[in-house]
Amino acid sequence: MTNPLPFDAEAFRARFPILGQTVRDGKPLVYLDSAATTQKPVEVLDNQRDYYTTMNANVHRGIHRLAELATEHYENARVKVARFIGAPDPRSIVFTRGTTEAINLVAQSWGRANLKPGDTVVITAMEHHSNIVPWQLVAAATGAKLAHIPFTPEGELDLAAFDRLMQGPVKLVALTHMSNVLGTINPVESIIAAAHRTGALVLVDGAQSVPFMPIDVVAMDCDFLAFSGHKMMAPTGIGVLYAKPALLEAMPPFLGGGEMISKVTLEASTWAEIPHKFEAGTPNIAGTIGLGSAIDVYEAMDRAAARRHEEALTAYAMERLVEVDGLTIHGRAAHRGGAVSFSITGVHPHDIAHFVDQDGIAVRAGHMCAQPLIRQLGETALTRASLYFYNTRADIDALVASLLRVKRFFDRAP
Amino acid sequence: MHLDEIYQEIILDHYKHPRHFGKIPDGQAMVDEENPTCGDHIKLNAAAADGVLRELVIECAGCAICTASSSMMAEKVIGRPVAEVRDLIARFNAMMRGGPELSDDELGDLAALKGVRKYPLRIKCCTMAWHGLDAALNQVKG
């Protein structure tokens, strides 16, 4: 058996022009905030310029040449997205502004049509606000109840508690595939199987997982999958809702307007076929085509090797970070991705982020849009370093060296 | 690193040894505010008599800048007429937003916070306590 080829992170990194720049008086940029948004490679940047220089037009309307080109590329991006996540039918791909809008679409459309007083929606205590607030809104509107699966001190879901919750009248389970704070990769396949045995549907928030792990929605058997383009090299403002076609067929429209109709009179309207029924108004055409271009980059990569690189780098980061005296990593799940959140005794995350920024290092500080999770950890804010395939050990070494200086600075203070 | 620009000795001193801080039980603060973007949390109680701010207690879970600003503010305002305090709040906040600069004589320790203006994302850390005090003064009697 031959050893698998290593991933050439340096060569990959060279395709991201922004990573070559210096910040804060000549410090090379060390970008460790990819869980917030990834940088964009030359392929996607060129694609955006090409789109606006060669084919900019509105889609599904005009019959002129540019409209034809734009429509073809727009719909081709849908085919690429479907193939990327293993969806057999491109009609199951709805373009949204991002993960947040995709979840809100399900909550407002499926939720309002299907939830009634007494029904329960189960989320988890490690959700991003975007997978909490939409359910609170629809629960308030329908009289349904919201329950949550707690997590253990290691940052893993309490599956015994999940089993108990599933004995109730659960209509939907909405959970993250990978926590943006703890890095935990949740066992969505077994959760989906268990939920389906009781007749509940499952929405998976794939914002953090889709950029890293090959996803097969048929094998996973999720009913809904939401994710964002900008966390996977594509422009901001484009996201995806995957849903089983039969569900989309039965769901009422989310937003009304142009594009989503079949026939409109002044009294009433009928809806376009799926997925167009859910794409009211002029869509983010450039962003969608940019997402298709990002997927081309993924498909040209050795994704298994890239994933091994990210896993090895995550392990290296966790090993090195604890060299900083008083540093605690939050999230010790056995199965995890490259978002590493931590706190340092005596130094507030804001101050940490400010100090390392002076060294050209970008990390996130705050509640990471997961206030209930942060509260459970007994903190008000955390610092997070998050990785993508373009990061290397040198980035981690720079962070650790900077953190050691921060800690020394605050320790010697009066 | 240009640490000294903003993390001056005096700021670290107030961060590690904040003045006029105390625990305020839940539900017993006149002002209880959280900065939704960063999670900084501040509670204040104030009391006045004869138009003078007599007492101010702050509980703050925040960064060095937020904590030091709260502590220095408390030292500055206790014992001063409420009207003067309101005027100082308005002028301090305006300065932090790019308005006219207050003299170092008037600011005292607070002058150390001037450097924060170079970092737009940190200005809120600096002004949170001041907005909190303003809200508390709206509730004090006497």
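Chain naming here is simple, since letters A, B, ... match the order of the sequence lines and numbering starts at 1 in each.
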Once you round to the nearest 0.5 Å, how far does OH of B:Tyr119 lie from CD of A:Gln358?
-> 4.0 Å

Begin with the C-alpha distance, continue with both residues' side-chain angles, and end with the deciding distance and a verdict on side chain to side chain contact (heavy atoms under 4.5 Å, CB included) for A:His350 and B:Asp40.
-> CA-CA 9 Å; A:His350 258 183; B:Asp40 281 356; 4.0 Å; yes

Portion of B:Cys125 that has a non-hydrogen atom of chain A nearer than 4.5 angstrom = side chain

Is the number of heavy atoms from other residues, nucleotides or ligands within 6.0 Å of CZ (B:Arg91) greater than 12?
-> yes

Donor-acceptor contact below 3.5 Å, side chain B:Lys16 vs main chain A:Phe410 = yes

Against chain B, label A:Gln371 side chain, backbone, both or neither, depending on which of its atoms sit under 4.5 Å from a heavy atom there.
-> side chain

About how many Å separate CD1 of B:Ile6 and CG of A:Asp351, when rounded to the nearest 0.5 Å?
-> 7.5 Å

Give, as side chain, backbone, both or neither, the part of B:Leu121 having an atom under 4.5 angstrom from any heavy atom of chain A.
-> neither

Heavy atoms only: give me the nearest B:Tyr7-A:Phe409 pair and the separation to one decimal.
-> O-CZ, 3.5 Å

State yes or no: are the ring centers of A:His348 and B:Tyr15 separated by less than 6.0 Å?
-> no

